[in-house]
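Down below is the structure, laid out as C-alpha coordinates.
Letters A, B, ... are given to chains in the order of the sequence lines, protein chains preceding strands, and every chain is numbered from 1.
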Protein chains: 2
Amino acid sequence: MATISKETARRLDPEKLATSALALADTEGLEAVTIRRLAQQHEVTPMALYRHFSDKDDLLAAIGDRMLADIALPEPTDERWDVQLRAILTAFVAALRPHPKVAQLALFRILVTEPGLALAERTMELLIEAGFSVDDAAEVGRQSICSLITLVNMEPGSAEVTDPIGREDALRAKRAALAALPPRRYPLITAAADVLVCPTSTDAYYELGIDLAVAGICGILTDRQQH
Amino acid sequence: MATISKETARRLDPEKLATSALALADTEGLEAVTIRRLAQQHEVTPMALYRHFSDKDDLLAAIGDRMLADIALPEPTDERWDVQLRAILTAFVAALRPHPKVAQLALFRILVTEPGLALAERTMELLIEAGFSVDDAAEVGRQSICSLITLVNMEPGSAEVTDPIGREDALRAKRAALAALPPRRYPLITAAADVLVCPTSTDAYYELGIDLAVAGICGILTDRQQH
DNA sequence: ACGTTAGGTCTACGTTGTACACTTGTCAAC
DNA sequence: GTTGACAAGTGTACAACGTAGACCTAACGT
(Lines give C-alpha, C1' and ligand atoms only; values in the text may rest on other atoms or scores of the structure.)
Protein backbone atom coordinates (compact mmCIF):
# COMPACT_ATOMS: atom_id res chain seq x y z
CA MET A 1 0.00 0.00 0.00
CA ALA A 2 2.34 2.64 -1.25
CA THR A 3 -0.25 5.38 -1.03
CA ILE A 4 -1.03 4.82 2.62
CA SER A 5 2.58 4.70 3.66
CA LYS A 6 3.17 7.84 1.68
CA GLU A 7 0.23 9.44 3.40
CA THR A 8 1.60 8.60 6.81
CA ALA A 9 5.06 9.71 5.83
CA ARG A 10 4.04 13.12 4.57
CA ARG A 11 1.89 14.64 7.26
CA LEU A 12 1.92 17.96 5.48
CA ASP A 13 0.35 18.88 2.17
CA PRO A 14 1.04 22.23 0.48
CA GLU A 15 -2.57 22.52 -0.67
CA LYS A 16 -3.94 22.03 2.80
CA LEU A 17 -1.32 24.34 4.23
CA ALA A 18 -2.32 27.08 1.82
CA THR A 19 -5.98 26.49 2.58
CA SER A 20 -5.57 26.77 6.32
CA ALA A 21 -3.26 29.75 5.91
CA LEU A 22 -6.01 31.40 3.90
CA ALA A 23 -8.57 30.58 6.55
CA LEU A 24 -6.29 32.02 9.18
CA ALA A 25 -5.83 35.20 7.20
CA ASP A 26 -9.57 35.51 6.66
CA THR A 27 -10.37 35.33 10.33
CA GLU A 28 -7.41 37.10 11.92
CA GLY A 29 -5.79 39.09 9.15
CA LEU A 30 -2.67 38.71 7.08
CA GLU A 31 -0.34 39.54 9.95
CA ALA A 32 -1.61 36.48 11.79
CA VAL A 33 -0.27 34.25 9.03
CA THR A 34 3.01 33.22 10.49
CA ILE A 35 5.27 30.29 9.77
CA ARG A 36 5.23 29.38 13.44
CA ARG A 37 1.50 29.76 13.80
CA LEU A 38 0.74 27.68 10.75
CA ALA A 39 3.16 25.00 11.89
CA GLN A 40 1.51 24.91 15.29
CA GLN A 41 -1.91 24.45 13.72
CA HIS A 42 -0.59 21.42 11.87
CA GLU A 43 1.26 20.12 14.93
CA VAL A 44 4.59 20.36 13.27
CA THR A 45 7.87 22.19 13.71
CA PRO A 46 8.07 25.59 11.99
CA MET A 47 10.97 24.41 9.88
CA ALA A 48 8.86 21.60 8.48
CA LEU A 49 7.01 24.11 6.31
CA TYR A 50 10.19 24.87 4.45
CA ARG A 51 10.06 21.42 2.88
CA HIS A 52 6.98 22.62 0.99
CA PHE A 53 7.53 26.35 0.59
CA SER A 54 10.88 27.87 -0.21
CA ASP A 55 10.13 30.86 1.99
CA LYS A 56 7.26 32.92 3.31
CA ASP A 57 6.69 34.71 0.04
CA ASP A 58 6.20 31.33 -1.53
CA LEU A 59 3.53 30.56 1.03
CA LEU A 60 1.79 33.86 0.37
CA ALA A 61 1.91 33.12 -3.35
CA ALA A 62 0.19 29.83 -2.64
CA ILE A 63 -2.55 31.70 -0.83
CA GLY A 64 -2.96 33.87 -3.89
CA ASP A 65 -3.13 30.84 -6.16
CA ARG A 66 -5.66 29.26 -3.86
CA MET A 67 -8.00 32.22 -4.32
CA LEU A 68 -7.51 32.44 -8.07
CA ALA A 69 -8.39 28.76 -8.35
CA ASP A 70 -11.90 29.65 -7.22
CA ILE A 71 -12.64 31.79 -10.25
CA ALA A 72 -15.64 30.39 -12.08
CA LEU A 73 -15.01 31.90 -15.49
CA PRO A 74 -18.24 32.13 -17.50
CA GLU A 75 -18.28 30.51 -20.93
CA PRO A 76 -18.12 32.82 -23.95
CA THR A 77 -21.55 33.76 -25.24
CA ASP A 78 -22.74 35.86 -28.15
CA GLU A 79 -23.72 38.76 -25.98
CA ARG A 80 -22.12 42.16 -26.44
CA TRP A 81 -18.48 42.41 -25.38
CA ASP A 82 -19.20 44.71 -22.46
CA VAL A 83 -21.85 42.40 -21.08
CA GLN A 84 -19.44 39.49 -21.23
CA LEU A 85 -16.63 41.54 -19.76
CA ARG A 86 -18.83 42.54 -16.89
CA ALA A 87 -19.67 38.88 -16.27
CA ILE A 88 -15.99 37.97 -16.21
CA LEU A 89 -15.05 40.76 -13.86
CA THR A 90 -17.97 39.88 -11.62
CA ALA A 91 -16.77 36.28 -11.47
CA PHE A 92 -13.32 37.49 -10.60
CA VAL A 93 -14.57 39.69 -7.81
CA ALA A 94 -16.80 36.91 -6.56
CA ALA A 95 -13.78 34.66 -6.16
CA LEU A 96 -11.91 37.25 -4.12
CA ARG A 97 -14.79 38.60 -2.06
CA PRO A 98 -14.61 35.94 0.63
CA HIS A 99 -11.03 37.01 1.32
CA PRO A 100 -10.88 40.79 1.50
CA LYS A 101 -7.93 40.83 3.88
CA VAL A 102 -5.61 39.01 1.49
CA ALA A 103 -7.07 39.78 -1.92
CA GLN A 104 -3.97 41.73 -2.86
CA LEU A 105 -1.98 38.50 -2.83
CA ALA A 106 -3.84 37.48 -5.98
CA LEU A 107 -2.40 40.30 -8.04
CA PHE A 108 1.12 38.99 -8.50
CA ARG A 109 -0.17 35.53 -9.32
CA ILE A 110 -2.57 36.39 -12.12
CA LEU A 111 0.03 36.13 -14.85
CA VAL A 112 1.46 32.97 -13.31
CA THR A 113 -1.34 30.64 -12.33
CA GLU A 114 -3.57 29.04 -14.94
CA PRO A 115 -6.91 30.47 -13.78
CA GLY A 116 -5.37 33.91 -13.70
CA LEU A 117 -3.95 33.53 -17.18
CA ALA A 118 -7.31 32.32 -18.46
CA LEU A 119 -8.94 35.37 -16.94
CA ALA A 120 -6.38 37.69 -18.48
CA GLU A 121 -6.61 36.09 -21.89
CA ARG A 122 -10.40 36.22 -22.00
CA THR A 123 -10.39 39.81 -20.81
CA MET A 124 -7.97 40.83 -23.54
CA GLU A 125 -10.02 38.98 -26.12
CA LEU A 126 -13.08 40.99 -25.25
CA LEU A 127 -11.22 44.27 -25.12
CA ILE A 128 -9.80 43.65 -28.56
CA GLU A 129 -13.22 42.71 -29.83
CA ALA A 130 -14.34 46.05 -28.43
CA GLY A 131 -11.82 47.83 -30.58
CA PHE A 132 -8.71 48.26 -28.47
CA SER A 133 -5.28 47.56 -29.85
CA VAL A 134 -3.40 44.66 -28.30
CA ASP A 135 -1.22 46.97 -26.24
CA ASP A 136 -4.13 49.13 -25.10
CA ALA A 137 -6.09 46.03 -24.19
CA ALA A 138 -3.19 44.88 -22.04
CA GLU A 139 -2.92 48.17 -20.19
CA VAL A 140 -6.64 48.68 -19.77
CA GLY A 141 -7.09 45.10 -18.66
CA ARG A 142 -4.35 45.29 -16.10
CA GLN A 143 -5.61 48.50 -14.62
CA SER A 144 -9.15 47.18 -14.40
CA ILE A 145 -8.10 43.95 -12.72
CA CYS A 146 -5.92 45.92 -10.39
CA SER A 147 -8.76 48.26 -9.48
CA LEU A 148 -11.05 45.37 -8.71
CA ILE A 149 -8.52 43.69 -6.46
CA THR A 150 -8.22 46.92 -4.56
CA LEU A 151 -11.98 47.14 -4.46
CA VAL A 152 -12.06 43.85 -2.59
CA ASN A 153 -9.02 44.59 -0.50
CA MET A 154 -10.44 47.89 0.69
CA GLU A 155 -13.90 46.53 1.34
CA PRO A 156 -15.00 48.68 4.22
CA GLY A 157 -14.44 46.95 7.50
CA SER A 158 -12.03 44.38 6.17
CA ALA A 159 -9.11 46.20 7.72
CA GLU A 160 -10.83 46.46 11.07
CA VAL A 161 -10.42 44.03 13.86
CA THR A 162 -12.00 40.64 13.52
CA ASP A 163 -14.12 40.57 16.65
CA PRO A 164 -17.44 42.34 16.09
CA ILE A 165 -17.28 44.36 19.29
CA GLY A 166 -13.94 45.92 18.50
CA ARG A 167 -15.04 46.54 14.94
CA GLU A 168 -18.17 48.30 16.08
CA ASP A 169 -16.08 50.41 18.40
CA ALA A 170 -13.66 51.31 15.64
CA LEU A 171 -16.49 52.31 13.33
CA ARG A 172 -18.09 54.38 16.03
CA ALA A 173 -14.80 56.12 16.71
CA LYS A 174 -14.33 56.90 13.03
CA ARG A 175 -17.85 58.22 12.70
CA ALA A 176 -17.32 60.38 15.74
CA ALA A 177 -14.08 61.76 14.31
CA LEU A 178 -15.86 62.76 11.12
CA ALA A 179 -18.85 64.15 12.96
CA ALA A 180 -16.52 66.28 15.06
CA LEU A 181 -15.26 68.11 11.98
CA PRO A 182 -16.42 71.69 11.51
CA PRO A 183 -19.56 71.37 9.34
CA ARG A 184 -19.05 74.83 7.94
CA ARG A 185 -15.68 73.92 6.51
CA TYR A 186 -16.63 70.37 5.46
CA PRO A 187 -20.40 70.36 4.93
CA LEU A 188 -20.43 67.42 2.53
CA ILE A 189 -18.05 65.20 4.45
CA THR A 190 -19.94 65.64 7.69
CA ALA A 191 -23.22 65.10 5.85
CA ALA A 192 -21.95 61.87 4.32
CA ALA A 193 -20.06 60.68 7.40
CA ASP A 194 -22.07 57.51 7.77
CA VAL A 195 -21.54 56.42 4.19
CA LEU A 196 -17.87 57.37 4.23
CA VAL A 197 -17.26 55.24 7.29
CA CYS A 198 -19.19 52.25 6.05
CA PRO A 199 -21.31 52.04 2.92
CA THR A 200 -24.94 51.08 3.24
CA SER A 201 -24.75 47.79 1.40
CA THR A 202 -21.75 45.63 0.61
CA ASP A 203 -23.44 44.33 -2.52
CA ALA A 204 -24.07 47.86 -3.71
CA TYR A 205 -20.45 48.68 -2.98
CA TYR A 206 -19.22 45.91 -5.23
CA GLU A 207 -21.73 46.63 -7.93
CA LEU A 208 -20.65 50.25 -7.98
CA GLY A 209 -17.02 49.20 -8.25
CA ILE A 210 -17.67 46.93 -11.20
CA ASP A 211 -19.91 49.54 -12.81
CA LEU A 212 -17.14 52.10 -12.51
CA ALA A 213 -14.61 49.77 -14.09
CA VAL A 214 -16.80 48.78 -17.03
CA ALA A 215 -18.12 52.30 -17.58
CA GLY A 216 -14.57 53.59 -17.52
CA ILE A 217 -13.54 51.15 -20.22
CA CYS A 218 -16.52 52.02 -22.40
CA GLY A 219 -15.82 55.70 -21.87
CA ILE A 220 -12.19 55.74 -22.90
CA LEU A 221 -13.04 53.52 -25.83
CA THR A 222 -15.29 56.13 -27.41
CA ASP A 223 -12.83 58.86 -26.42
CA ARG A 224 -9.89 57.18 -28.11
CA GLN A 225 -11.82 56.14 -31.18
CA GLN A 226 -12.54 59.79 -31.93
CA HIS A 227 -8.89 60.78 -32.23
CA MET B 1 18.25 82.24 24.30
CA ALA B 2 15.37 79.97 25.09
CA THR B 3 14.92 78.86 21.52
CA ILE B 4 18.46 77.66 21.16
CA SER B 5 18.40 75.71 24.36
CA LYS B 6 15.14 74.15 23.29
CA GLU B 7 16.65 73.31 19.95
CA THR B 8 19.57 71.58 21.54
CA ALA B 9 17.33 69.80 23.98
CA ARG B 10 15.01 68.35 21.38
CA ARG B 11 17.32 66.81 18.81
CA LEU B 12 14.39 65.07 17.16
CA ASP B 13 11.53 66.60 15.25
CA PRO B 14 8.51 64.56 14.15
CA GLU B 15 8.30 66.40 10.82
CA LYS B 16 11.91 65.71 9.96
CA LEU B 17 11.55 62.14 11.15
CA ALA B 18 8.60 61.60 8.85
CA THR B 19 10.42 63.23 5.97
CA SER B 20 13.51 61.09 6.28
CA ALA B 21 11.35 58.00 6.82
CA LEU B 22 9.60 58.83 3.56
CA ALA B 23 12.92 59.29 1.80
CA LEU B 24 14.09 55.96 3.15
CA ALA B 25 10.94 54.27 1.94
CA ASP B 26 11.27 55.84 -1.49
CA THR B 27 14.77 54.59 -2.02
CA GLU B 28 14.71 51.23 -0.27
CA GLY B 29 11.09 50.32 0.10
CA LEU B 30 8.63 50.30 2.97
CA GLU B 31 10.24 47.31 4.64
CA ALA B 32 13.41 49.33 5.08
CA VAL B 33 11.56 51.79 7.29
CA THR B 34 12.45 50.49 10.69
CA ILE B 35 12.44 52.15 14.06
CA ARG B 36 16.05 51.18 14.58
CA ARG B 37 17.13 52.27 11.14
CA LEU B 38 15.45 55.63 11.45
CA ALA B 39 16.93 56.15 14.90
CA GLN B 40 20.38 55.31 13.60
CA GLN B 41 20.02 57.87 10.81
CA HIS B 42 19.26 60.50 13.42
CA GLU B 43 22.02 59.29 15.76
CA VAL B 44 19.64 58.45 18.50
CA THR B 45 18.46 55.43 20.45
CA PRO B 46 15.56 53.52 18.89
CA MET B 47 13.38 54.19 21.91
CA ALA B 48 13.82 57.92 21.45
CA LEU B 49 11.39 57.79 18.55
CA TYR B 50 8.63 56.74 20.90
CA ARG B 51 8.68 60.20 22.44
CA HIS B 52 7.31 61.48 19.14
CA PHE B 53 5.32 58.56 17.75
CA SER B 54 3.17 56.34 19.91
CA ASP B 55 4.08 53.31 17.83
CA LYS B 56 5.15 52.34 14.36
CA ASP B 57 1.69 52.76 12.88
CA ASP B 58 1.79 56.31 14.09
CA LEU B 59 5.04 56.81 12.21
CA LEU B 60 3.56 55.34 9.05
CA ALA B 61 0.57 57.61 9.44
CA ALA B 62 2.94 60.56 9.59
CA ILE B 63 4.47 59.40 6.31
CA GLY B 64 1.01 59.37 4.80
CA ASP B 65 0.30 62.85 6.11
CA ARG B 66 3.60 64.04 4.72
CA MET B 67 2.57 62.95 1.22
CA LEU B 68 -0.93 64.40 1.45
CA ALA B 69 0.56 67.71 2.47
CA ASP B 70 2.09 67.97 -1.00
CA ILE B 71 -1.27 68.09 -2.76
CA ALA B 72 -1.54 71.31 -4.74
CA LEU B 73 -5.31 71.53 -5.00
CA PRO B 74 -6.35 73.70 -7.97
CA GLU B 75 -8.65 76.60 -7.29
CA PRO B 76 -12.30 76.21 -8.36
CA THR B 77 -12.96 77.54 -11.83
CA ASP B 78 -16.06 77.85 -13.97
CA GLU B 79 -15.10 74.95 -16.18
CA ARG B 80 -17.31 71.89 -16.44
CA TRP B 81 -17.39 69.66 -13.37
CA ASP B 82 -15.62 66.77 -15.06
CA VAL B 83 -12.78 68.99 -16.22
CA GLN B 84 -12.32 70.31 -12.70
CA LEU B 85 -12.60 66.86 -11.21
CA ARG B 86 -9.93 65.60 -13.55
CA ALA B 87 -7.68 68.45 -12.48
CA ILE B 88 -8.19 67.60 -8.83
CA LEU B 89 -7.51 63.93 -9.31
CA THR B 90 -4.45 64.75 -11.37
CA ALA B 91 -3.16 66.96 -8.59
CA PHE B 92 -3.76 64.16 -6.13
CA VAL B 93 -1.89 61.63 -8.25
CA ALA B 94 0.91 64.12 -8.81
CA ALA B 95 1.42 64.39 -5.06
CA LEU B 96 1.67 60.62 -4.65
CA ARG B 97 3.65 59.80 -7.78
CA PRO B 98 7.05 60.49 -6.25
CA HIS B 99 6.32 57.83 -3.63
CA PRO B 100 4.88 54.77 -5.35
CA LYS B 101 6.23 52.37 -2.73
CA VAL B 102 4.29 53.95 0.12
CA ALA B 103 1.35 55.60 -1.61
CA GLN B 104 -1.07 53.24 0.12
CA LEU B 105 -0.21 54.88 3.44
CA ALA B 106 -2.08 57.96 2.25
CA LEU B 107 -5.42 56.18 2.08
CA PHE B 108 -6.18 55.95 5.77
CA ARG B 109 -5.15 59.54 6.31
CA ILE B 110 -7.34 61.23 3.75
CA LEU B 111 -10.28 61.67 6.08
CA VAL B 112 -8.00 62.75 8.90
CA THR B 113 -5.47 65.25 7.61
CA GLU B 114 -6.53 68.67 6.40
CA PRO B 115 -5.25 68.41 2.81
CA GLY B 116 -6.99 65.07 2.48
CA LEU B 117 -10.23 66.47 3.83
CA ALA B 118 -10.02 69.40 1.46
CA LEU B 119 -9.52 67.02 -1.43
CA ALA B 120 -12.47 64.91 -0.35
CA GLU B 121 -14.75 67.90 0.16
CA ARG B 122 -13.92 69.42 -3.23
CA THR B 123 -14.38 66.08 -4.93
CA MET B 124 -17.78 65.61 -3.39
CA GLU B 125 -18.78 69.14 -4.33
CA LEU B 126 -18.06 68.47 -7.98
CA LEU B 127 -19.78 65.09 -7.93
CA ILE B 128 -22.89 66.64 -6.47
CA GLU B 129 -22.75 69.41 -9.04
CA ALA B 130 -22.61 66.63 -11.61
CA GLY B 131 -25.87 65.25 -10.30
CA PHE B 132 -24.99 62.59 -7.75
CA SER B 133 -26.76 62.38 -4.44
CA VAL B 134 -24.68 63.07 -1.36
CA ASP B 135 -24.39 59.39 -0.53
CA ASP B 136 -23.55 58.39 -4.08
CA ALA B 137 -20.97 61.14 -4.28
CA ALA B 138 -19.36 59.78 -1.13
CA GLU B 139 -19.16 56.24 -2.46
CA VAL B 140 -18.06 57.20 -5.95
CA GLY B 141 -15.51 59.60 -4.58
CA ARG B 142 -14.04 57.08 -2.22
CA GLN B 143 -13.73 54.40 -4.86
CA SER B 144 -12.12 56.79 -7.30
CA ILE B 145 -9.58 58.03 -4.78
CA CYS B 146 -8.90 54.49 -3.77
CA SER B 147 -8.35 53.43 -7.37
CA LEU B 148 -5.91 56.22 -7.96
CA ILE B 149 -3.89 55.38 -4.89
CA THR B 150 -3.63 51.85 -6.15
CA LEU B 151 -2.68 53.20 -9.53
CA VAL B 152 0.34 54.87 -7.96
CA ASN B 153 1.10 52.02 -5.62
CA MET B 154 1.15 49.50 -8.44
CA GLU B 155 3.15 51.69 -10.77
CA PRO B 156 5.05 49.08 -12.72
CA GLY B 157 8.49 48.62 -11.33
CA SER B 158 7.78 50.22 -7.98
CA ALA B 159 7.64 46.85 -6.29
CA GLU B 160 10.90 45.74 -7.83
CA VAL B 161 14.26 46.09 -6.23
CA THR B 162 15.77 49.51 -6.01
CA ASP B 163 19.06 48.92 -7.77
CA PRO B 164 18.64 49.15 -11.55
CA ILE B 165 20.58 45.97 -12.31
CA GLY B 166 18.39 43.77 -10.17
CA ARG B 167 15.28 45.49 -11.51
CA GLU B 168 16.35 44.86 -15.07
CA ASP B 169 16.94 41.23 -14.20
CA ALA B 170 13.55 40.89 -12.60
CA LEU B 171 11.82 42.42 -15.60
CA ARG B 172 13.73 40.16 -17.95
CA ALA B 173 12.75 37.12 -15.89
CA LYS B 174 9.11 38.13 -15.94
CA ARG B 175 9.16 38.73 -19.66
CA ALA B 176 10.77 35.35 -20.18
CA ALA B 177 8.14 33.65 -18.04
CA LEU B 178 5.38 35.17 -20.14
CA ALA B 179 7.18 34.44 -23.40
CA ALA B 180 7.53 30.81 -22.34
CA LEU B 181 3.75 30.39 -22.20
CA PRO B 182 2.14 28.34 -24.96
CA PRO B 183 1.18 30.93 -27.60
CA ARG B 184 -1.60 28.73 -28.88
CA ARG B 185 -3.31 28.75 -25.50
CA TYR B 186 -2.53 32.38 -24.63
CA PRO B 187 -2.04 34.21 -27.92
CA LEU B 188 -2.90 37.65 -26.59
CA ILE B 189 -0.91 37.44 -23.39
CA THR B 190 2.21 36.31 -25.19
CA ALA B 191 1.66 38.98 -27.83
CA ALA B 192 1.36 41.68 -25.18
CA ALA B 193 4.06 40.31 -22.90
CA ASP B 194 6.22 43.41 -23.12
CA VAL B 195 3.41 45.77 -22.21
CA LEU B 196 2.12 43.51 -19.46
CA VAL B 197 5.52 43.41 -17.82
CA CYS B 198 6.18 47.11 -18.10
CA PRO B 199 4.07 49.71 -19.90
CA THR B 200 5.67 51.78 -22.61
CA SER B 201 5.38 55.14 -20.88
CA THR B 202 4.82 55.94 -17.24
CA ASP B 203 3.06 59.17 -18.14
CA ALA B 204 0.71 57.28 -20.45
CA TYR B 205 0.10 54.79 -17.65
CA TYR B 206 -1.03 57.52 -15.28
CA GLU B 207 -3.05 59.31 -17.90
CA LEU B 208 -4.88 56.11 -18.70
CA GLY B 209 -5.58 55.53 -15.04
CA ILE B 210 -7.05 58.97 -14.56
CA ASP B 211 -8.98 58.69 -17.82
CA LEU B 212 -10.48 55.42 -16.63
CA ALA B 213 -11.54 56.93 -13.33
CA VAL B 214 -13.15 60.03 -14.82
CA ALA B 215 -14.75 58.14 -17.69
CA GLY B 216 -16.14 55.63 -15.21
CA ILE B 217 -17.74 58.38 -13.19
CA CYS B 218 -19.25 60.01 -16.27
CA GLY B 219 -20.46 56.64 -17.43
CA ILE B 220 -22.32 55.60 -14.30
CA LEU B 221 -23.75 59.08 -14.01
CA THR B 222 -25.65 58.76 -17.30
CA ASP B 223 -26.53 55.16 -16.43
CA ARG B 224 -28.05 56.04 -13.11
CA GLN B 225 -29.81 59.13 -14.33
CA GLN B 226 -31.84 56.99 -16.70
CA HIS B 227 -33.40 54.83 -13.97
C1' DA C 1 20.23 -5.96 2.21
C1' DC C 2 21.48 -1.25 1.50
C1' DG C 3 22.39 3.32 0.11
C1' DT C 4 19.27 7.40 -1.30
C1' DT C 5 16.28 10.58 -0.23
C1' DA C 6 11.98 13.01 1.25
C1' DG C 7 9.96 14.82 5.27
C1' DG C 8 10.16 16.31 10.00
C1' DT C 9 13.07 17.90 14.30
C1' DC C 10 16.29 20.64 17.05
C1' DT C 11 19.09 24.35 17.85
C1' DA C 12 20.50 28.77 16.95
C1' DC C 13 21.06 33.52 14.93
C1' DG C 14 19.85 38.04 13.63
C1' DT C 15 16.12 41.38 13.27
C1' DT C 16 11.95 43.37 14.54
C1' DG C 17 8.63 46.27 17.75
C1' DT C 18 8.41 47.97 22.18
C1' DA C 19 7.75 47.77 27.65
C1' DC C 20 10.01 49.64 31.69
C1' DA C 21 13.20 51.86 34.53
C1' DC C 22 16.78 55.24 34.40
C1' DT C 23 19.23 59.73 33.55
C1' DT C 24 19.59 64.48 32.12
C1' DG C 25 18.91 69.15 30.54
C1' DT C 26 15.43 72.93 30.92
C1' DC C 27 12.12 75.98 32.94
C1' DA C 28 8.53 77.90 36.40
C1' DA C 29 7.66 79.07 40.86
C1' DC C 30 8.92 80.12 45.33
C1' DG D 1 19.29 80.45 44.20
C1' DT D 2 16.90 76.27 45.19
C1' DT D 3 13.66 73.04 44.03
C1' DG D 4 10.41 70.28 41.84
C1' DA D 5 8.29 68.97 37.59
C1' DC D 6 8.67 67.61 33.18
C1' DA D 7 10.00 66.54 28.48
C1' DA D 8 13.51 64.08 25.89
C1' DG D 9 16.91 60.57 25.23
C1' DT D 10 19.37 56.12 27.17
C1' DG D 11 19.97 51.27 28.47
C1' DT D 12 18.41 46.94 29.08
C1' DA D 13 15.34 43.45 28.13
C1' DC D 14 11.86 40.40 26.02
C1' DA D 15 8.86 37.99 22.92
C1' DA D 16 7.99 37.00 18.23
C1' DC D 17 9.49 36.69 13.71
C1' DG D 18 11.92 34.35 9.35
C1' DT D 19 15.13 31.02 8.42
C1' DA D 20 20.04 28.71 8.11
C1' DG D 21 22.19 24.27 9.07
C1' DA D 22 22.95 19.88 11.09
C1' DC D 23 20.58 16.00 12.33
C1' DC D 24 17.29 11.96 12.48
C1' DT D 25 14.39 8.45 10.52
C1' DA D 26 11.34 5.79 7.84
C1' DA D 27 10.15 4.41 3.30
C1' DC D 28 11.76 3.28 -1.59
C1' DG D 29 14.35 1.60 -5.57
C1' DT D 30 17.67 -1.57 -6.71
Next on the checklist: Quick check for you: among C:dG8, D:dG11, D:dT19, whose closest atom lies nearest to any side-chain atom of A:Lys56?
Outcome noted: D:dT19
Item to check | Rounded distance [0.5 Å steps], CG in B:Leu96 versus CD in B:Gln104 | outcome: 10.5 Å
Checklist entry - CD1 of A:Ile35 versus P of C:dT9: gap in Å, rounded? => result 14 Å
Checklist entry - Taking atom C1' of D:dC17 as reference, at what distance in whole Å does atom CG of A:Asp55 sit? => result 14 Å
Checklist outcome for this item: A:Met47 has its side chain closest, among D:dG9, D:dA20, D:dT12, to D:dA20
Checklist outcome for this item: To the nearest angstrom, the CG-P distance between A:Leu49 and D:dA20 comes to 13 Å
Checklist outcome for this item: Of the candidates C:dC22, C:dT11, C:dT18, the side chain of B:Arg36 sits closest to C:dT18
Next on the checklist: Between B:His52 and D:dG9, is there a contact of a side-chain N or O with OP1 or OP2 at under 4.0 Å?
Outcome noted: yes
Checklist entry - Closer to the 5' end of DNA chain C via nearest nucleotide, is it A:Arg51 or B:Val33? => result A:Arg51
Checklist entry - Does a side-chain N or O from B:Thr45 land closer than 4.0 Å to OP1 or OP2 of D:dG9, or not? => result no
Checklist entry - Which of the following nucleotides, C:dT18, D:dT19, D:dT10, is nearest to the side chain of B:Val44? => result D:dT10
Checklist entry - Looking just at side-chain N and O atoms, do A:Tyr206 and A:Glu155 make a donor-acceptor pair shorter than 3.5 Å? => result yes
Checklist entry - Should the heavy atoms of other residues, nucleotides or ligands under 6.0 Å from CD of B:Glu114 be counted, would the total exceed 12? => result yes
Checklist entry - How long is the line joining CD of B:Glu31 and P of C:dG17, in whole Å? => result 12 Å
Checklist entry - Roughly, in whole Å, what's the span from CD in A:Gln40 to P in D:dG18? => result 13 Å
Checklist entry - Does B:Gln41 CD have over 12 foreign heavy atoms under 6.0 Å away? => result yes
Checklist outcome for this item: A:Asp58 CG to D:dG18 P, in whole Å, measures 14 Å
Checklist entry - Roughly how many Å is it from OH in B:Tyr50 to P in C:dC20, rounded to a whole number? => result 13 Å
Item to check | For atom NZ of B:Lys16 and atom C1' of D:dA8, their distance in whole Å | outcome: 18 Å
Next on the checklist: Between B:Arg97 and B:Asp70, does any NZ, NE, NH1 or NH2 come within less than 4.0 Å of an OD or OE carboxylate oxygen?
Outcome noted: no
